[in-house]
Amino acid sequence: INGFCNKGKMDDAAKLLEEMRGKGLHANTVTLSTIIKGLCKQGWVDEAAKLLEEMRGSGLYPNTVSFTTLINGFCKQGRMEEAVKLLEEMRGRGHYPDTVTFNAIINGFCKQGKMVEAVELLEGMRQSGLYPDTVTFTTVINGFCKQGRMEEAVKLLEEMRGRGHYPDTVTFNAIINGFCKQGKMVEAVELLEGMRQSGLYPDTVTFTTVINGFCKQGRMEEAVKLLEEMHGNGLYPDTVTFTAIVSGLCRARELDKATDLLEKMVREGIKPNVVTYNTVILGLCVVGKSQEARRLLDKMAVKGCAPDIFTYNSVLRAMHKEGRVEESMELFNELTSKGYIPD
RNA sequence: UUGCUUAAGUGUGAUUGGC
């Protein structure tokens, strides 16, 4: 059931649940939490909340994990008031929030850019007898990074160390990304090379972050050099890594190299996903090759990668720019008939 | 009864040319 829920296949999960019942097996708290998570992942948070509510008095009790999962679901939708209300409710029902619960809420505030609330909660956890952990600090550090407040991010990194918490690779990745987004590649590379001194190893995300930083500055040679360095570190580029470079090549108007790289990654057994295709399609559109873009849109579908509204928008806009009104009308009809909602 | 094992929750990277 967890496997299906993680893949978003709620129908299959329901079938298994049904099969369980048929065999006289009872769902338990873990089953309940698993299904709540599955519903939330689909964006069906209200259904998840209803499910938790309905389980009252059914002998199937939600616990701290169940509540936290649902709280995280609300947070992911930016529904912070409801998340906080649920926090109160679980307390009222005798379930104590733990560090994971707070981390979910703190992340929710960070994603809304509400750093005051996030820091307040980080400091206020103690009053609930809870201690922030590496995830808590990383969450808030990332929040500062996303706002470009790098001084505060670094200050918090030092503070967590002072409090005896060790940053991990994810913490560094967040900070490195912050510097990259500010165009401060010197600092980013320094951290990439310096993290070993903290006993930490860069991973695929670290390299991809810095590679993307170089790509965004049009420094493709340095990006490719880093890509090659990965192997020496026992790391392999993944779909995201390749997409970052493909995007850089598109930006640099090197469409031939971008399409070559797309084919190369397939040969190396790394599957392009919808973002990768969108990147190349947008690249083609921008240089006025809407027909080639259209062909690639059809091809991705054949390869089992469904286009999304982003894909269609790129091609539609390019067709209009090129004065291909009929083709764009045709494509528009196609997307609506396939059930896509124009945005 | 005791022990072991397994299953659920939180943080980081890629596509978003108005010029």
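Basis for what follows: all heavy atoms, side chains included, without hydrogens, waters or symmetry-related copies. A, B, ... follow the sequence lines: proteins, then strands. Residue 1 opens every chain.
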Could you check whether [X] gets within reach of a base, just the sugar-phosphate, or nothing at all, counting any heavy atom under 4.0 Å?
X	result
A:Thr101	base
A:Ser314	nothing
A:Asn313	nothing
A:Thr99	nothing
A:Lys41	nothing
A:Ser66	nothing
A:Thr206	nothing
A:Thr139	sugar-phosphate
A:Thr69	sugar-phosphate
A:Asp133	nothing

I need the A:Phe102 CZ to A:Thr68 OG1 distance, nearest 0.5 Å.
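Here the rounded value is 10.0 Å.
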
Between the side chains of A:Asn278 and A:Thr311, does any donor sit under 3.5 Å from an acceptor?
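Present: a donor and an acceptor within the cut-off.
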
Is a side-chain donor-acceptor pair under 3.5 Å present for A:Asn72 with A:Thr69?
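No, no side-chain donor-acceptor pair sits under 3.5 Å.
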
Counting C-beta onward and ignoring hydrogens, is there a side-chain heavy-atom pair between A:Glu222 and A:Ile211 closer than 4.5 Å?
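A side-chain contact is absent here, since even the closest heavy-atom pair is not under 4.5 Å.
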
In residues 245-272 of chain A, which residues come under 4.0 Å of RNA chain B by heavy atom?
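Heavy-atom cutoff 4.0 Å gives A:Ser247, A:Arg251, A:Arg253.
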
For [Y], is there an ion pair with [X] - N to carboxylate O distance below 4.0 angstrom?
X	Y	value
A:Arg79	A:Asp46	yes
A:Glu292	A:Lys299	no
A:Glu117	A:Lys114	no

Minimum heavy-atom separation for [X] to [Y], with atom names?
X	Y	result
A:Arg163	A:Leu122	NH2-CD2, 4.1 Å
A:Arg161	A:Ser198	NH2-OG, 3.1 Å
A:His320	A:Ser328	NE2-OG, 3.4 Å

Can you give me the first and the last nucleotide of RNA chain B (5' to 3') that has an atom within less than 4.0 angstrom of a non-hydrogen atom in chain A?
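Contact span on the strand: B:rA7 to B:rG18.
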
A:His231 and A:Tyr236 aromatic ring geometry - parallel, tilted or perpendicular at 30°/60° bounds:
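Ring orientation, 0 to 90° scale: perpendicular.
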
What pattern of brackets, bars and dots sums up RNA chain B from 5' to 3', given Watson-Crick or G-U wobble pairs under 3.5 Å, [ ] for crossing pairs and | for another strand?
...................

